[in-house]
Amino acid sequence: MNKNCNRILACTMSAIIMTSVSVMPDDSVTAYAPQPAVTFIATDGVSINKTDITIGNGETYDLTSEIFPKTASNKSVLWLTSNAKVAYVDGKGKVTAKGVGNATISAITHNGKKALCYVTVNEAPSKVTLNCHNIEVGVGESYRFYAIVPANTTACVRSYSSSDDSVVSFDRNGNMIAKKEGTATVTVRIFNGKTDTCKVTVKKAPSDITLTKKSLTLTPNEKYQFHAYTSENTASCMRTYSSSDSSIVECDKRGNITAKKVGTVTVKVTSFNGKTDTCRVTVKKAPEYISVKQAYAELEIDDTFRIVYTIPANSYTSRITYSSSNKNIAEVDGSGLVTAKNPGSATITLRTANNKAASVNIVVKEPVQIYAWSSSDDILNSASVNPVKTNSTLLDNKIDSIFGDILYSRMSNAHKVKACFDWIATNVNYSYISYDYSPVYGVNYASDNDEAIVVSAYSTLVKRLGNCYDYACTLAAVMQRIGYDAHVVHGLVGMSAGGYGNHYWVDANINGRHYIFDAQVENDNLGWGGNVNHYFYCLEPNSTSMYIYNETWSTSNFRTY
């Protein structure tokens, strides 16, 4: 049927209808309400769910559009690409990467409204790598994996799956959920088939969580990372950390903290199921300086020397680092123990965490060969000294006040011992005395012998009187202050009238050999004008039958505890 036939048919139908209406009785005419006109709602705009995407060559990505207003009459959208060789788009917004480069995808409405998405296509990855390959989680815990691809490659979408959904499964947002105890393998897959896996072990949820530290001290700007553990056969992969005052200590969710200013805070760790533990963190000011107790030491090969340092009160350093200017001469370990290696000199430098420094000069000498005919000076100078205090303030101060006047820094150790020995032999008179116990009030000593030695030495220096025991205690305390391994000995001594009598003297261990120092008998044998003859000074026991050892009191350097 052609168009003319259609028009003739339409006219005929209209005539019939009009004729039939006109012959109807007037009272049978029916009135019809007019139909409402259809309102056309114009399209104001369009948007795309992504304004830019980066995908790998060969990857697809579904873009979606939305018309505004939602009640617009015509919701049709035309999808176009600026470069089909880089990114092709079909009529439904599905983008397919065709080659490395850039393209612009357009969504255009029927009336010309437009939205854009900028597409970057990179090379397809040669591999994909999960952030972990073996993790433990607790029942009920949620965990989100992430995966990386090599630089300058892209895989926009990663899909995750579980080898056993009854152990772990993934929700619609990509979060892994631990369902029950057991083991499963999680696999990540990208568009070109590359995969990686992670072994996931699900354990019981923890009943507690414990920080490895209960208290911690830092200085401003210092950092620390906390660690926590759960009880056996339980797990909480995710732990969050928080600070009670971030103006004093900043803390991220992974337990990395930074001290900001002086003060005290509480750092708390929380497991995924709400179990917590805390650590008290104190921030103190960094030291303004560091000083050493002894800035110079002379050693022989293989000798050791311990560096003792101090920093200002109410300051703190988390670490002290040690270094040697010449390790071939003197080595130092992390605790400040110096070992002499070869003759020469070296400087040991110690630094605080905030880079304050001090130094100790070490001189390593060739070992002195000691023979039976060696002089007392050679014997005494061959020893490596380690000066110690008695820890009795009264006695230490008394020693300093008396012997500080007769000793000076450039004297050899042998000359220092001789000067002290001579002073005791010539300035203390033999007599029995009543002891002054004031140095030991309120102090606990390592042993009764230590306490008695301190009391006797102090009383002897105050009164300048004493018997053989008092002489020995005084000389032993002074020689230890210089740095010698000196002890009080109880035994027998030959009497001028014949036989042996009860006696006390000092025994000094020098390089494994023992030497007698007896200031009291020396006092009995002073020469013309009260001069010391040194007959009983640095005397080897096997060179005389005058002394018989009964016991040596091996004191703890007269230290108090």
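Predicted model only: the values in this text are computed from it and were never measured.
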### Which atom of Thr43 lies closest to which atom of Ala72, heavy atoms considered
OG1-CB, 3.7 Å
### Query
Judged by atom type as modelled, is there a donor-acceptor pair below 3.5 Å linking the side chain of Gln480 to the main-chain atoms of Ala477?
no
### Task
Keeping the roles fixed (side chain from Asp333, backbone from Gly336), state whether a donor-acceptor pair exists under 3.5 Å.
yes
### Query
Is the backbone N or O of Ala340 less than 3.5 Å from a side-chain atom of Glu331, with the two atoms forming a donor-acceptor pair by type?
no
### Message
For the backbone of Thr258 and the side chain of Glu250, can you confirm whether one donor and one acceptor N or O come within less than 3.5 Å of each other?
### Response
no
### Query
Above 12 or not: heavy atoms from other molecules or residues under 6.0 Å from CD of Glu181?
yes
### Message
Any side-chain to backbone donor/acceptor pair from Ser324 onto Asn326? Under 3.5 Å, distance only.
### Response
yes
### Query
Considering only heavy atoms from C-beta outward, does the side chain of Asn354 approach that of Pro287 to under 4.5 Å?
yes
### Query
Given side chains that start at C-beta, do those of Ile55 and Val119 come closer than 4.5 Å, heavy atoms only?
yes
### Task
Answer whether the closest heavy-atom distance between the side chains of Val360 and Ile362 falls below 4.5 Å.
yes
### Query
Can you tell me if Thr185 and Lys199 form a side-chain donor-acceptor pair at under 3.5 Å?
no
### Query
What are the two closest non-hydrogen atoms of Ser236 and Pro206, and how far apart are they?
CB-CG, 3.9 Å
### Pairwise side-chain contact, Thr352 with Ile320, heavy-atom cut-off 4.5 Å (strictly under)
yes
### Query
Thr210 and Asp277: side-chain donor and acceptor closer than 3.5 Å?
no
### Query
Parallel, tilted or perpendicular: which fits the ring planes of Phe170 and Tyr160, with parallel below 30° and perpendicular above 60°?
parallel
### Task
Test Asp62 against Thr60 for side chain to side chain contact (heavy atoms under 4.5 Å, CB included), laying out the working first.
CA-CA 7 Å; Asp62 291 323; Thr60 62; 5.9 Å; no
### Task
For side chain to side chain contact (heavy atoms under 4.5 Å, CB included), just list the numbers for Ile53 and Cys117, CA-CA rounded to whole Å, side-chain angles, deciding distance to a tenth of an Å, and then say yes or no.
CA-CA 7 Å; Ile53 58 171; Cys117 175; 4.1 Å; yes
### Query
So does Lys365 pair up with Glu298, basic N to acidic O under 4.0 Å?
yes
### Message
Would Cys132 and Phe145 count as a side chain to side chain contact (heavy atoms under 4.5 Å, CB included) here? Give the steps.
### Response
CA-CA 8 Å; Cys132 57; Phe145 285 98; 3.8 Å; yes
### Message
Working to the nearest 0.5 angstrom, can you tell me the gap between Thr212 OG1 and Tyr229 OH?
### Response
8.0 Å
### Query
How many angstroms lie between atom NZ of Lys356 and atom CD1 of Ile290, to the nearest 0.5 angstrom?
11.5 Å
#### Entry: Lys85, NZ: over 12 other non-hydrogen atoms inside 6.0 angstrom
no
### Message
Within this structure, what is the CD1-OH distance for the pair Ile135 and Tyr143, rounded to the nearest 0.5 Å?
### Response
5.0 Å
### Message
Please find the pair of heavy atoms, one from Ala330 and one from Ala346, that lie closest to each other, and give the distance.
### Response
CB-CB, 4.1 Å
### Query
Counting heavy atoms not belonging to Phe403, are there more than 12 under 6.0 Å from its CZ?
yes
### Query
How far does NZ of Lys204 sit from CD of Glu232, to the nearest 0.5 angstrom?
10.5 Å
### Task
Before giving the answer on side-chain hydrogen bond (donor to acceptor under 3.5 Å, both in side chains), spell out for Thr270 and Lys275 the whole-Å C-alpha distance, their side-chain angles and the decisive distance to 0.1 Å.
CA-CA 5 Å; Thr270 305; Lys275 305 303 180 182; over 6 Å; no
### Task
State whether the number of non-hydrogen atoms from other residues, nucleotides or ligands found under 6.0 Å of Asn152 atom CG is greater than 12.
no
### Message
Is any side-chain heavy atom of Asn122 closer than 4.5 Å to one of Thr54?
### Response
yes
### Query
With a 4.5 Å limit on heavy-atom distance, are the side chains of Thr349 and Tyr322 in contact?
no
### Query
Taking atom types as modelled and ignoring hydrogens, do the side chains of Arg254 and Thr240 form a donor-acceptor contact shorter than 3.5 angstrom?
no
### Message
To check you understand the geometry: which heavy-atom pair defines the closest contact between Gly255 and Tyr241, and what is its length?
### Response
N-CD1, 3.1 Å
### Message
Any non-hydrogen side-chain atom of Thr317 less than 4.5 Å from a side-chain atom of Ile311?
### Response
yes
## Note on the structure
Taken to the nearest 0.5 Å, the spacing of Asp252 CG from Ser243 OG works out to 11.5 Å
#### Entry: Ionic contact status for Asp396 with Arg481, cut-off 4.0 Å
yes
### Query
Do the non-hydrogen side-chain atoms of Trp79 and Lys92 ever get within less than 4.5 Å of each other?
no
### Task
Give, for atom CG of Leu299 and atom OG1 of Thr304, the distance between the pair rounded to the nearest 0.5 Å.
8.0 Å
### Message
A quick test of your reading: do over 12 heavy atoms of other residues, nucleotides or ligands sit less than 6.0 Å from NZ of Lys70?
### Response
no
#### Entry: Check: Asp52 side chain, Tyr118 main-chain N or O, donor-acceptor pair, under 3.5 Å
no
### Minimum-distance pair of heavy atoms, taken over all atoms of Ser246 and Lys260
O-CG, 4.0 Å
### Query
Strictly by modelled atom types, are Asn509 and His487 linked by a side-chain donor-acceptor pair under 3.5 Å?
no
### Verdict with reasoning, Asn386 to Arg306, per side chain to side chain contact (heavy atoms under 4.5 Å, CB included)
CA-CA 9 Å; Asn386 180 30; Arg306 175 76 65 183; over 6 Å; no
### Message
Less than 3.5 Å apart, any donor N or O on the side chain of Thr120 or Asn102 sitting next to an acceptor on the other?
### Response
yes
#### Entry: Nearest heavy atoms of Val77 and Ala107, plus distance in Å
CG1-CB, 3.7 Å
### Query
Counting only heavy atoms not in Gln225, do more than 12 sit closer than 6.0 Å to its CD atom?
yes
### Message
Can you confirm whether Asn314 is buried at CG, in the sense that more than 12 heavy atoms of other residues, nucleotides or ligands lie under 6.0 Å from that atom?
### Response
no
### Task
For side-chain hydrogen bond (donor to acceptor under 3.5 Å, both in side chains), just list the numbers for Asp164 and Ser162, CA-CA rounded to whole Å, side-chain angles, deciding distance to a tenth of an Å, and then say yes or no.
CA-CA 5 Å; Asp164 190 342; Ser162 169; over 6 Å; no
### Query
Side chains of Thr282 and Thr217: donor-acceptor distance under 3.5 Å anywhere?
no
### Query
Is Arg189 paired with Asp196 through a side-chain N to carboxylate O contact shorter than 4.0 Å?
no
